[in-house]
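The shown structure was predicted, so the numbers you read here are calculated from the model rather than taken from an experiment.
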Amino acid sequence: MIADLRFYLKLLPRRLPVMILLFLSAATAGMILSQRLPAMYTTSATLLVEPPQISDGSGQQETQTPVSEQLQVIQQRLLTRANLINIANEVRVLPEQGSMNPDEIVQAMSEASNIQLTIGRDQATLMRLGFTAHDPNKAAAVVNRYVDIALEISSAATTSQAEDTLAFYEQEVQRYSDELDQQSSRIAAFKRENADALPENLDYNQTRQSLLQERVSRAERELDSLATQRTNIMRVFEATGSITTQGPPLLSNEERLLQELEGELSIARSVYSPSNPRVRNLESQVAALKARIEETALAAPEARPAPLTAQTTALEISLAEIDSRAGTLRQEIADANEELLSLRSSIERTPANGIVLGGLEREQENIQNLYNASVGRLAQAQTSLNIVAAAKGERITVLEAASVPNEPSSPNRTKIALIGIGAGIGLAGGFFFLLEFLNQTVRRPGDIVKKLEIAPLATIPRIETITQKRLRRGLLIGASLVVLASVPATLWAIDTYVMPLDLLFEKVKDRLT
């Protein structure tokens with residue numbers, strides 16, 4: 001190990017000029033760059049997202065964009081191509097902007113901009129807008145312009161969102177109102193078309209059906225009684241030549257109608273309440289008919305007994321009255337049967353109509369619920385718009401404005417110089433080890449053993465005379481001096497006559513990246 005170290009130390013002087021060249025090149029370039037790179041100034045502003053000062057009472061903002069999305073939208077709009085180009089033209093922040101195309105301007109502005117978002121639970125929501133430029137005043141101007149645009153975007157987005165929400169719910173309320181009107185019209189038309197077979201009239205129709213059936217039965221019994229009475233009168237007249245009035249007295253049409261109405265009134269009172277319009281209507285009809293019968297009784301002359309000598313005339317009159325009453329009963333039976341058919345049809349159609357009407361009413365109820373919900377949302381949207389107009393809702397404010405920096409933020413000149421020195425040492429050491437790796441010649445006894453796999457009896461080193469040693473040392477010193485003098489001169493010439501080293505460094509970096 002010690003022998004190898006001594007061997008490499010002996011080789012070091014031979015390669016020292018090139019190693020010095022590499023070291024000086026990198027170190028000198030680093031020193032020059034650390035002094036020649038322009039100073040860059042960075043400034044920033046901080047925006048705070050404030051919670052709403054007044055709640056709209058909805059409990060949750062369903063239609064409001066989350067804060068994180070709002071800030072991301074603002075960030076994307078700030079860095080749009082149009083914004084970056086407009087700000088660059090307004091401030092003239094780039095040194096060589098006149099010779100740059102729009103793509104280069106956008107890229108340079110994007111690289112110089114720095115936007116950071118701080119979003120998390122139980123902490124303030126912040127947005128930091130930063131910019132780096134050669135001129136501190138222009139850097140502050142760009143950041144302030146960013147702040148103005150961010151505030152404009154936030155205000156416009158919040159107001160536009162509230163207005164769009166209000167307009168949407170206004171349309172919804174109007175739409176549901178129109179649907180309610182249409183549904184009410186459908187229900188009204190259906191009730192008009194099926195007025196006799198609606199579920200609400202089912203009890204009345206069934207009661208009316210029972211009453212008519214009872215009336216038909218009573219009329220048929222009375223008709224049979226009249227037929228029997230007529231037969232008896234004819235048999236008595238044929239046997240005796242005279243007639244006798246037996247059985248109950250014959251009633252007038254008004255008296256019979258009064259009995260029927262009183263029967264209907266009794267049934268209606270058992271079904272409906274006393275204040276029901278149907279009960280009141282029947283009561284008024286009964287009262288009016290009773291009054292008319294009483295007036296007729298007072299105005300009619302007293303009945304006188306028929307002359308005994310006019311038996312034939314009395315027979316004809318009795319038979320005529322019986323026939324007239326029988327005809328009236330038959331007509332009543334026919335009318336009642338016709339009404340019973342109509343009632344039976346209405347009762348049969350009532351269940352189907354109830355299903356259809358129930359569906360229409362349920363749909364109307366659903367639309368009504370949607371309408372009520374939309375009206376509530378509309379009121380909330382109007383309240384939200386009023387809150388936004390009063391600047392009492394969620395908003396973005398400037399927590400810390402951008403200031404003109406007094407000290408440059410970059411470059412770190414000491415760091416760049418140390419990097420150059422470290423790069424020089426690395427190049428020199430890498431050159432030394434590279435040559436050793438590539439050199440496969442036999443230079444030591446150990447190399448003979450490795451290459452030839454034999455052990456030599458003795459080795460004779462290279463013998464130099466004193467003159468050769470002095471000549472070799474002189475050449476080494478001269479080469480080192482030449483390197484020490486030529487490297488700074490070469491870099492100075494490149495920087496002065498060809499291209500500044502800082503620009504050359506930027507171009508090389510751009511080409512590599």
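- Of all the heavy atoms in A140 and A402, the pair that sits closest is O-CB, 4.2 Å.
- One finds the CD1 atom of I367 at 13.0 Å from the CZ atom of R362 (value rounded to the nearest 0.5 Å).
- Applying the 6.0 Å contact sphere to CG of N406 captures no more than 12 heavy atoms from other residues, nucleotides or ligands.
- Expressed to the nearest 0.5 Å, how far CG of L370 lies from OH of Y176 amounts to 4.5 Å.
- Taking both residues in full, the closest heavy atoms of E104 and N101 are given as N-OD1, 2.7 Å, listed atom of the first, atom of the second, then distance.
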Between L71 and Q75, is the side-chain contact (heavy atoms from CB on, under 4.5 Å) condition met? List the steps. CA-CA 6 Å; L71 295 182; Q75 179 180 2; over 6 Å; no
Which is it for L357 and I187 under the side-chain contact (heavy atoms from CB on, under 4.5 Å) test, yes or no, and what are the steps along the way? CA-CA 7 Å; L357 183 61; I187 293 176; 4.0 Å; yes
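- One distance of note links CG of L180 with CD of E363; it measures 10.0 Å at 0.5 Å rounding.
- Between the side chain of N194 and the main chain of A197, no donor-acceptor pair closer than 3.5 Å is present.
- M127 contributes atom CE, which lies 6.5 Å from atom CG of L47 (distance to the nearest 0.5 angstrom).
- Residues that satisfy the side chain to side chain contact (heavy atoms under 4.5 Å, CB included) test with P102, not counting sequence neighbours, are R81, I85.
- In this structure, K138 contributes its side chain and R92 its backbone to a donor-acceptor pair below 3.5 Å.
- Taking the side chain as every heavy atom from C-beta outward, L84 and S110 approach each other to under 4.5 Å.
- Here the straight-line distance linking atom CD1 of I105 with atom CE of M100 works out to 5.5 Å at 0.5 Å rounding.
- Using modelled atom types, one side-chain atom of S346 and one backbone atom of D196 make a donor-acceptor pair closer than 3.5 Å.
- Side-chain contact between M40 and P408 is absent, with no heavy atoms from C-beta onward closer than 4.5 Å.
- With Q97 contributing its side chain and A88 its backbone, the two residues share a donor-acceptor pair below 3.5 Å.
- Side-chain contact between N83 and I149 is present, with at least one heavy-atom pair separated by less than 4.5 Å.
- Residues that satisfy the side chain to side chain donor-acceptor pair (under 3.5 Å) test with Q183, not counting sequence neighbours, are R186.
- In this structure, the side chain of S345 does not engage the main chain of S342 through any donor-acceptor pair within 3.5 Å.
- Taking Q116 as the reference, N114, R128 meet the side chain to side chain contact (heavy atoms under 4.5 Å, CB included) condition, with sequence neighbours excluded.
- Annotation: the span from N366 atom CG to E361 atom CD amounts to 12.0 Å, rounded to 0.5 Å.
- We find that R344 and E348 are not joined by a salt bridge, their nearest charged nitrogen and carboxylate oxygen being 4.0 Å or further apart.
- With sequence neighbours left out, S284 forms a side chain to side chain contact (heavy atoms under 4.5 Å, CB included) with N281.
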Stepwise side-chain contact (heavy atoms from CB on, under 4.5 Å) check, T125 with L48: CA-CA 6 Å; T125 303; L48 172 66; 5.8 Å; no
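- Using modelled atom types, one finds no donor on one side chain facing an acceptor on the other under 3.5 Å when comparing N86 with E90.
- The existence of a salt bridge linking E172 and R175 is confirmed by a sub-4.0 Å separation between a basic side-chain nitrogen and an acidic carboxylate oxygen.
- No donor-acceptor pair closer than 3.5 Å links the side chain of S177 to the backbone N or O of V173.
- A donor-acceptor pair is defined here as one N or O able to donate and one able to accept, closer than 3.5 Å; no such pair exists between the side chain of N353 and the backbone of L198.
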Between F23 and I425, does the side-chain contact (heavy atoms from CB on, under 4.5 Å) criterion hold? Intermediate values first, please. CA-CA 6 Å; F23 172 76; I425 295 174; 3.6 Å; yes
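- Q174 pairs by the side chain to side chain contact (heavy atoms under 4.5 Å, CB included) definition with D178, not counting sequence neighbours.
- For the pair T43 and S403, the tightest heavy-atom approach, listed with the atom from each and the gap, is OG1-O, 2.7 Å.
- Residues Y146 and S113 come closest through the heavy atom pair OH-OG, 2.7 Å.
- Counting non-hydrogen atoms of other residues, nucleotides and ligands closer than 6.0 Å to CD of E200 gives a total above 12.
- Across all non-hydrogen atoms, the minimal contact from A381 to L166 is CB-CA, 3.8 Å.
- Across all their heavy atoms, A150 and L78 have their closest contact at N-CD2, 4.0 Å.
- Taking the side chain as every heavy atom from C-beta outward, Y41 and T132 never approach each other to under 4.5 Å.
- Proximity of M109 to F131: side-chain heavy atoms (C-beta onward) are separated by under 4.5 Å at one or more points.
- Remark: side-chain polar atoms of D135 are not paired, donor with acceptor, to backbone N or O of V93 under 3.5 angstrom.
- Partners of S374 according to the side chain to side chain donor-acceptor pair (under 3.5 Å) rule, which considers only residues two or more places apart in sequence or in another chain, do not exist here.
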